[in-house]
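Working notes, structure below.
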Amino acid sequence: MRISLDTETTGLDLRHGARPFLVTTAFEEDSQVYTDYWGQWPVDPYTRKVRARCSDLVKIQRWMDDATEYVFQNPKFDLTALSLLFADYGMTFRWDWSKVRDTLLAGHLLKSNQPHDLTTMTLVYLGINVQPYEDEIKRCTVECRRMAQGRNPQYNWRIAKEDSPKDPRPEMPSAKGETWKNDMWLPSYVAKVMDYHQDHEYRIACVDYSVSDSDSTYRLYGHMEQLLKERGLWCIYQERLKLLPVVYQMEQYGVTVNKARLRKLRDEYLAESGKAGSTCLRIAKDYDYNLQLPKSGRNGSLTKFVFGSQYLGLEPYETSDKTGDPSLNKRCKEHYEVALDEGSPAYEFITNLGAKTKRDTALGYMASYERYWLPMSFPDGVEFNVLEMANGKPGIHTRIRQSDTWFRLHPSLNATGTDTLRWSSSNPNEQNISKKEGFNLRYGFGPAPGREWWSGDAKNIELRIPAYESEQQELIELFEHPDTPPYYGSTHLLNFHTVYPDIWDAALKKVGLEKVGPYCKNIYASSWYQYCKNGGFAVQYGAIEIEGKEGTADKAFHRLGSHAKLKARFDKLEALNNGWIAVANDCGYVETLPDKTVDPDRGYPIWCSRSRHGHVKPTIPLNYHVQSTAMWWMMKAMIRVQAYLDDLNAVEPKYFMVCQVHDELVFDFPYRPNKGNMPKIRKLRRLMEQGGDDIGLPTPVAFTYHPETWATGESIL
DNA sequence: CGATGTAGCACC
DNA sequence: AAACGGTGCTACATCG
């Protein structure tokens, strides 16, 4: 029998203590959909702890065991929630991944650029509007919250609020915005306290809402299953389902963070930011201006000082598309640093402002890591015995002291979080941890004692895909012969030669074919070579070139006509781009390269939004196709690798995949002297590279060894 | 006071 | 009509 399940929880931060207080289900009998529920268990209003009934938990387990398929909207969340709740009661929640179905994965596959929340999908696919249920529970919850906050709170209940120094909420670091959503347990509690009658709205609003979600999930899945089959997407969906246990285990294990190292960075940045800020204030004071420095970005005070004619009076370099205000972003600061006289007040001000902003951003990230991290008892925790009461009786219990140095983050990973196949990551985001020189926040991350990290990244995968697909020989040659001069496998150098032939030829005369590439890279490191890298990325991400005009790419290359030269040299790439634009305009989506082990005839459809005039932006189709193909490859890599790790972990869990940043995978392994894990790493590399066979091009993977920190490492393979 | 939009910056 | 793709997070500014 197929069932659907939905849980309502006291918040999203399950690992910080949020728990389900209501579990609802839907199922079918004689072509009729029925619903049922367990809970709503009482929530302690002072601690927000859920008091579940063990007999209910047993029933839920049995209900799951008896089902042949369980449907969830985002299974990872509900399964984690139930697991943790069961664990609170010394019970183990069990489920069978092969029975798990997901309306979220199905929704993305059916229409990648459409919202995948349950309310929207229920409206779109079933024509049912469940918004009234949400409106009702919102109204009830907000009413009840008023009893506990405001000017005259009657009770001292711990309602959800955004964390703040005045009123800290360490148990709900992600609470912000619509915080009422964390308090849906409150109406039934109030009804109980007030002894309201059994049918009072406070007693039923949450159950009605949740039951409606279970019902929607059940019906939605039946509908989606049919659509996926009709549209020939069933095989792809089944392959995608294999991701669920992989993501689950990654989130569960998390990444380890070193507090001492992060604090060291913090102290450095704090000092430097303070110094740069004082310099800015001093310069402003010289103009008799009382500058209010923003904590990040800009504020009115700063804008007035920088652009006001009576103060620094800088000419705007770029303006905002939306507001037309002069911009002060990184590009602009870089421009002013070149254009202004070194030593002038304006120059000093801009450089110091840039230095401050960068550091403040890093400081903000570090603060968020501290908000989210959790203590870990492994590995330098020490066992000790204590006398404790348990079940009303005293006894000696073994406890493990928590580490003072090592903490763990569990970023939330969303495999359907983007319009493409890229994942999103949040709370905190693990995909934007700086690796800039001098700002390498990855220094704070790495293997805990007794462990070691390895990272594997797909070499240049987003350039390889279009190169092989279009059969652009120069690029294929480049990738196949990474040790051959003059480019040594570097697309930047190939671009350099193409865009700046005069500079290249002069260097060639001077140092010869063997050395011309490295020479250009070295002596033009912060000028032409850097511009070339910037321009190359602009082109890779789909910059548009219009004849005779300086587009973004030419601007980045610092030379008019650069983009035209690249397009002429890489004519097949250009044809591929035009081909995908035509496909997107024709049918509304592009597809990833077909995977011959899944469906040799078609790939994953990635929908491209259209403008009001019905056309797809020409910068989108190739980019979506390439980005998503790379991520399909990554998905295959993760599924294969996890299967291998599961084998290794059959006896004792030791080998973990812990992080994914688009084309990079990070592994946390037990430490082995003399790189004793190398055979396993070679196996990982083979498994990852196997994805290339599936989509028909070579996809080499490079591995780096990180025995100490993620910031530094040794290239091994 | 909360919600919303914008800018800026970190990643690939 | 617009022309560089995909994200998340924080602070600032504004509005009701």
Side-chain angles (χ1 to χ4, degrees), chain A residues 112-113 142 149-151 161-162 174 176-180 292-303 318-333 353-354 357-365 367-369 371-372 411-412 414 417-436 439-442 457-458 460-462 534-546 549 551-553 555-556 563 606 608-628 630-631 634 660-664:
Chain A
S112 52
N113 65 350
V142 170
Q149 58 180 0
R151 284 197 193 84
K161 267 187 188 167
E162 187 171 333
S174 76
K176 57 172 132 3
E178 296 190 286
T179 47
W180 68 267
Q292 302 297 314
L293 272 173
K295 282 190 179 172
S296 82
R298 310 165 16 180
N299 59 12
S301 172
L302 178 64
T303 307
E318 283 177 19
T319 52
S320 154
D321 288 342
K322 284 181 174 129
T323 60
D325 292 345
S327 170
L328 253 183
N329 64 22
K330 210 168 70 175
R331 259 201 315 278
C332 295
K333 285 178 199 142
L353 181 65
T357 308
K358 272 162 81 173
R359 283 159 182 83
D360 289 348
T361 303
L363 286 165
Y365 286 174
S368 85
Y369 302 147
R371 254 189 24 240
Y372 281 101
S412 171
N414 184 352
T418 74
D419 283 3
T420 71
L421 281 187
R422 281 210 178 164
W423 298 10
S424 63
S425 158
S426 59
N427 299 333
N429 185 351
E430 76 179 5
Q431 294 175 335
N432 67 351
I433 301 171
S434 178
K435 54 191 259 185
K436 277 218 170 69
F439 286 92
N440 205 328
L441 285 197
R442 292 187 178 196
D457 71 287
N460 260 331
I461 191 168
E462 291 205 356
N534 296 347
F537 284 123
V539 173
Q540 184 188 336
Y541 290 140
I544 290 279
E545 190 258 341
I546 299 159
K549 269 180 131 182
T552 35
K555 200 168 171 179
H563 199 164
I606 303 293
C608 307
S609 57
R610 293 178 190 271
S611 72
R612 276 181 285 129
H613 305 274
H615 282 281
V616 170
K617 259 169 73 173
T619 47
I620 283 182
L622 180 63
N623 189 282
Y624 276 28
H625 161 73
V626 170
Q627 194 176 104
S628 299
M631 283 305 294
M634 177 53 89
Q660 184 250 73
V661 188
H662 311 308
D663 61 2
E664 177 184 11

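Nothing here was measured: the structure is a model prediction, and the numbers come from that model. Every chain is numbered from 1 and lettered A, B, ... according to where its sequence line falls, protein lines coming before strand lines.
The residue Ile433(A) sits close only to the backbone: its heavy atoms come under 4.0 Å of sugar-phosphate atoms, none of a base. Within 4.0 Å (heavy atoms only), Lys333(A) reaches sugar-phosphate atoms of the nucleic acid but no base atom. Contacts of Asp419(A) with the nucleic acid, taken as non-hydrogen atoms under 4.0 Å apart, involve only primed sugar atoms and P, OP1 or OP2. Backbone-only contact: Leu328(A) has heavy atoms under 4.0 Å from sugar-phosphate atoms and none from a base. Backbone-only contact: Thr361(A) has heavy atoms under 4.0 Å from sugar-phosphate atoms and none from a base. In this structure, Gly177(A) reaches the sugar-phosphate backbone alone: every heavy-atom distance under 4.0 Å involves primed, P, OP1 or OP2 atoms, never a base. Backbone-only engagement by Asn429(A) is indicated by non-hydrogen atom pairs under 4.0 Å involving sugar-phosphate atoms exclusively. Among the heavy atoms of the strands, none lies under 4.0 Å from Asp325(A). As judged by a 4.0 angstrom heavy-atom cut-off over every strand, Arg610(A) is placed among residues making no nucleic acid contact. Arg359(A) comes within 4.0 angstrom of no nucleic acid atom, judged by non-hydrogen atoms across all strands. Contacts of Lys176(A) with the nucleic acid, taken as non-hydrogen atoms under 4.0 Å apart, involve only primed sugar atoms and P, OP1 or OP2. Here Phe537(A) lies out of heavy-atom contact (under 4.0 Å) with every strand.
For Asp419(A), the salt bridge (charged side-chain N to carboxylate O under 4.0 Å, His left out) test picks out no residue, with sequence neighbours left out.
Across dA3(C) and dT6(B), the matching P atoms stand 15 Å from one another, rounded to whole Å.
One distance of note links OG of Ser609(A) with OH of Tyr624(A); it measures 5.5 Å at 0.5 Å rounding. To the nearest 0.5 Å, the span separating OG on Ser412(A) from CG on Asn427(A) amounts to 6.0 Å. Taken to the nearest 0.5 Å, the CG atom of Asp325(A) stands 8.5 Å off from the OG1 atom of Thr319(A).
Tested against Arg422(A) for a side chain to side chain contact (heavy atoms under 4.5 Å, CB included), the candidates Gln660(A), Gln431(A), His662(A) yield a single pass: His662(A).
In the 5' to 3' direction, nucleotides of DNA chain B lying under 4.0 Å from heavy atoms of chain A begin and end at dA3(B) to dC12(B). For DNA chain C, the span of nucleotides reached by chain A at under 4.0 Å from its heavy atoms goes, 5' to 3', from dA1(C) to dA13(C).
Side-chain N/O atoms of Asn429(A) and Tyr365(A) include no donor and acceptor closer than 3.5 Å.
The backbone N or O of Gln292(A) lies less than 3.5 Å from a partner atom in the side chain of Asn299(A), making a donor-acceptor pair.
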Go through the steps for Gln627(A) and Thr420(A) under the test side-chain hydrogen bond (donor to acceptor under 3.5 Å, both in side chains), then give the verdict.
CA-CA 7 Å; Gln627(A) 194 176 104; Thr420(A) 71; 2.8 Å; yes
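Shown here for Val626(A) and Glu462(A), the closest heavy-atom pair between the two residues is CG1-O, 3.3 Å.
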